[in-house]
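One-based numbering, in listed order, for ligands and for the atoms of each. Quick caveat, the model's predicted, so the values are computed rather than measured. Start at 1 with the first residue, then count along the sequence.
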Amino acid sequence: MALEIIRSVADLRAQVKAWRSDGLSVGLVPTMGALHTGHLTLVKAAQQTCDRVITTIFVNPKQFGPNEDFDSYPRTEESDAAQLRSVNADVLFAPNAAEMYGRDGGQTQVSVAGIGQTLEGEHRPGFFDGVATVVTKLLLQALPDQAFFGEKDYQQLSVIKKFVTDLNVPVTIVGVPTVREDDGLALSSRNAYLTAEERAIAPLLNQVLCDVLARFQAGEDVEKLCQAAAARLQAGGFGKVDYVTIRQADDLTQNPTLEAPCRVLAAAYLGKARLIDNVG
Ligand code: AMP
C-alpha cells in the first residue's frame, strides 16, 4: 500500500473507520516531523503490534514558548514522507494549525499537575499543557488502539501516561527505548542546530548521565553527584545546565532509592540547541 497523506480530521476518521470495519488494529505515532531513525523506530515498533500505523506530523505552536524555536523548527515534509515510504508506513496525518485548532485557536487545554510541573514543566512553562492538549486531540481524532512515544522524552511519556489514566482515554501508551548515535548522543531533530564543534562535544551529555547512574548505584550522594555532573558538562563546553537530577522512575518525584527504579535526567544548552537526555 502506498503512503497516504491525510490533511483533515474527517478524512483521518474515514480511513480509521474503514480499517475498523475490516477488523484491523490501529497504532498512532505522533511527531513534529524532521524525521530521523528514532522516529522510524517508533513506526516499526507500532508495526510489530498494530495492523495499520498512522504517523502524525504537526509542529504544535502551543508547546513552544515565546522565545523558543517554533519559527526555525525544521520542516521537511517531503523527506519525511520518503522516510515513511521506506518503512512502508500506511498514513501520514499532517494537518495545518487551522485544522488542528479551529478559527479561534482552541479554548480548551489539558494540564497535568504534579509530574507535569517539575523539570521540563518548570523550565518550559506551558510546554506540557501544549503537549498534553495536542496529544489528547490526536488520540481523539484517530482513536488508535496503541500510541507510541520515545523514552528520549521520558517526562513527556510519563505526562502522557498520566493524563491517559486520569481521563480514562481508551488507548495503550507504549514507550520505546531511546535510539542513539554510535557515540551515545540521542537522536533528535534539534541536533541539526549543532555546529561541527558542538556535535563533537554533545555525546558528553549521555556519558555524564551514565556516570551519574553508575555512581548512584555505587552509593554516592545524589546532591553532590548531580552538582559535579553539571560542572563537568560546563567544563566540557556546554552552556547553561537547566538540571541534572535523579528521580524515582514512576512519578519523577525526588528522593530516589536504590530499592526502586530510578531515572537520571538532564537538560543543558549547547550553542543554540537545548539538549535533553535520560537513562534508567
Ligand atoms: P518529536 O518529533 O521530537 O516531538 O518526537 C516525536 C516522538 O519521537 C516522541 O515520542 C519522541 O520521544 C520520539 N523520539 C524522538 N527522538 C527519539 C529517539 N532518539 N529515540 C526514540 N524516540 C525518539
Is there a heavy atom of P30 sitting under 4.0 angstrom from any atom of ligand 1? yes
Would you call D183 and R199 a salt bridge, taking side-chain N to carboxylate O under 4.0 Å as the test? yes
Could you go through the side-chain contact (heavy atoms from CB on, under 4.5 Å) check for Q141 and T136 one step at a time? CA-CA 9 Å; Q141 289 163 357; T136 300; over 6 Å; no
Under a 4.0 Å threshold between the charged nitrogen and the carboxylate oxygen, would K137 count as salt-bridged to E99? no
When you measure from the heavy atoms of T178 to every atom of ligand 1, does any distance fall below 4.0 Å? yes
Under 3.5 Å, which donor-acceptor pairs do the side chains of residues 160-168 form with other protein atoms, sequence neighbours left out?
residue: K162; atom: NZ; partner: D166; partner atom: OD1; Å: 2.9
residue: T165; atom: OG1; partner: K161; partner atom: O; Å: 2.9

Region of E151 engaging ligand 1 - heavy atom pairs below 4.0 Å: neither
As an exercise, identify every atom of ligand 1 less than 4.0 angstrom from a heavy atom of D153. 11 (C), 12 (O)
Of the side chain and backbone of A34, name the one, both, or neither that has a heavy atom under 4.0 Å from an atom of ligand 1. neither
Tell me, which protein residue and heavy-atom name are nearest atom 10 (O) of ligand 1, and how many Å apart are they? G150 N, 2.9 Å
Ligand 1 to T31, heavy atom cutoff 4.0 Å, flagged ligand atoms 2 (O), 6 (C)
Heavy atoms only, cut-off 4.0 Å: how does K152 contact ligand 1, side chain, backbone, both, or neither? side chain
Does any N/O atom on V176 come nearer than 3.5 Å to any N/O atom on ligand 1? no
Looking only at protein heavy atoms, which one is nearest to atom 4 (O) of ligand 1, and how far off is it? M32 CG, 3.8 Å
Parallel, tilted or perpendicular, judged at 30° and 60°: which one describes the rings of F58 and Y101? tilted
Closest to atom 16 (N) of ligand 1 (judged by heavy-atom distance), picking from H39, Q156, H36: H36
Could you check whether atom CZ of R180 has more than 12 heavy atoms from other residues, nucleotides or ligands sitting under 6.0 Å from it? yes
E197 atom CD, over 12 foreign heavy atoms within 6.0 Å: no
What atoms in ligand 1 come closer than 4.0 Å to a heavy atom of F149? 10 (O)
Salt bridge E68-R124, side-chain N to carboxylate O under 4.0 Å: yes
Between V179, I276, L42, flag the one that comes closest to atom 8 (O) of ligand 1 by a heavy atom. L42
Which of the ligand 1 atoms, numbered from 1, are nearer than 4.0 Å to a heavy atom of P177: 21 (C)
Is any N or O atom of L187, backbone or side chain, closer than 3.5 Å to an N or O atom of ligand 1? yes
If you measure from the Lys or Arg side-chain nitrogens to the Asp or Glu carboxylate oxygens, is any gap between D69 and K272 under 4.0 Å? no
Less than 4.0 angstrom from a charged side-chain N to a carboxylate O is my criterion; do R52 and E4 meet it? no
